[in-house]
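Read through the structure below, which is laid out as structure tokens, and then see the notes.
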Amino acid sequence: MSSALWAGVSGLNASSKALDVISNNLANLNTVGFKSGTTYFADVLSQSVSGGAGGSMQVGRGVSVAEVQTQFDTGSFETTGNAMDVAIDGDGFYIVNDATDATYYTRAGSFHLNSDGVMVDTNGYAVQGKMIVNGVASGTLSDIVLKDYQSKPSATTTVSMGSNLSSTTAAGGQYKTTQTVYDSLGNSHGLNTTFTKTGNATSGYWGVEVALDSTAATGISRNGLIFDADGNMSGSYTGAMGAVRAKSVGGGTATGVLNRPGMVYQTGTMTLKRGATPATWTVTGAGGYTNASVVSADATTVRISLEGTDTPDVTLTLAGVWANGDTAQYTLTHSPTLGLNDIDIDFSGLTLNSGATIGNAGHVNWDLAGANALSITQYASASVIRSLSADGYASGQLKSLSIDSDGMISGSFTNGQISELAQLVLAKFTNPWGLSKLGSNLFGQTITSGAAIQDNPNNSGLGSLTPNSLEMSNTDVATEFIKMITAQKAYQANAKVVTTEDTIMQVLMGLKQ
């Protein structure tokens, strides 16, 4: 009879343990990354009643708790506003180390940076991953340290401009633009571009001049832009000046400089004649430039505008004796190229602060023909800048972090740049049910679980990461309530066995009376 009593007691104990597991599951209903447990029972070795054949007369001796197994199915995801909260969608565990470098595993992806810039979990344990150095992930796991990051500056090498130059602009009229560019130290500069309409009567010819801040470029590969009858840019051109041929009875000589090659829109020979005084020079042969005139003159210099403005396009430097009626003659050469080509702007002759440089060895490319080039048109509407683009940027400070599905941690900097800084690494086990629960959402490796297999998310059967999310407890309330009812009924039934057996024993004790 005592067997029934002890079988009933074992049922009470087993049911009580099942309720313990159920209550723990429900208590952790809101625990991030919690994995619920399930109680499995086993009957206790049976005894044989004498006279029985085989197993036909075996009587059980109760029940025991065979295993409390952790359920690793994925819990629901909760969206958060923290960029460092991340959930695993699929298999895998985050790897964290305590202050003694002991390693633990967790599904709770509620991370933040501590005062040292180390990425840690809610226990203060350092999250493990691989740091990105020069764009390459390191080969070994380490603490993820995200402090003192600064985005290096980058010098501008390419610029582009999207604009319209009004076709109604008079000869000599200008339109100016300014865009920000950067040198190798991250200093910002104003790239000033001046478009000047020429007097070409048959096509749209606009001369181009470029300066960095207030200093003109050392050189430019093309001096102007050509537009067709539909207002589309169709090519570019260069302008050049030949040697000055002096005709002076007094032996005077002259050299010339073409100040604004972009104003040379055709090839022709220009002749200048001296008047009665050094200041009275006139254009007697315009070479096809109908508005050409002398801006100013004196005993040593003659300045000429091809468009009749106050800005000199050609400067002659005089030497020797010049007299009334003497002439100076030179040829202006216009070289057009139909078809779009990039323009090289040379700043190599400029001296920047602290030895900084700009472009590639001082050369900046004006993108006119590339796939990403912005278009310049000549329509009858007002001159306007539609858009400007330039590579290069100043240095920047780390502003925010983000994590993608592959575990890559990227930093967004104040200069608009985004850089990869580190990558989370996950671990999985051949037998995750063999892991030891250590509390605080942590698991420990055991002989039963096998060694950790480490790799990046989305590799080797590991799950992907969902950023700005947390995996909640996988406890199912309805299921736990049903288990609770079942455990309660089992407890009540076993209690009834104990009380019934107690009554029988009391009857037995009463036989002696």
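The residues of the chain are indexed from 1 along the displayed sequence.
- A ring-centre distance under 6.0 Å is not found for Phe429 and Phe72.
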Quick one: do Lys35 and Glu471 satisfy salt bridge (charged side-chain N to carboxylate O under 4.0 Å, His left out)? Show the steps, please. CA-CA 10 Å; Lys35 298 303 177 185; Glu471 181 189 5; 2.3 Å; yes
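- Side-chain atoms of Asn360 never come within 3.5 Å of backbone atoms of His363 as a donor-acceptor pair (strictly under, hydrogens ignored).
- In this structure, Trp366 CH2 and Ile220 CD1 are separated by 6.0 Å, a value rounded to the nearest 0.5 Å.
- With ring centers used as reference points, Tyr265 lies under 6.0 Å from Tyr289.
- For Tyr125 and Tyr104, the ring centers are positioned less than 6.0 Å apart.
- In this structure, the separation between OG on Ser138 and CD1 on Ile132 is 7.0 Å, given to the nearest 0.5 Å.
- At distances below 3.5 Å, at least one donor-acceptor pair connects side-chain atoms of Ser166 with backbone N or O atoms of Ser381.
- Ring to ring, Phe413 and Tyr149 are not that close: their centroids are 6.0 angstrom or more apart.
- Taking the six-membered ring where the residue is Trp, the centroids of His334 and Tyr237 are separated by under 6.0 Å.
- To the nearest 0.5 angstrom, Gln179 atom CD is 7.0 Å from Ser389 atom OG.
- Side chain of Gln174 to backbone of Gly172: no donor-acceptor contact under 3.5 angstrom is found.
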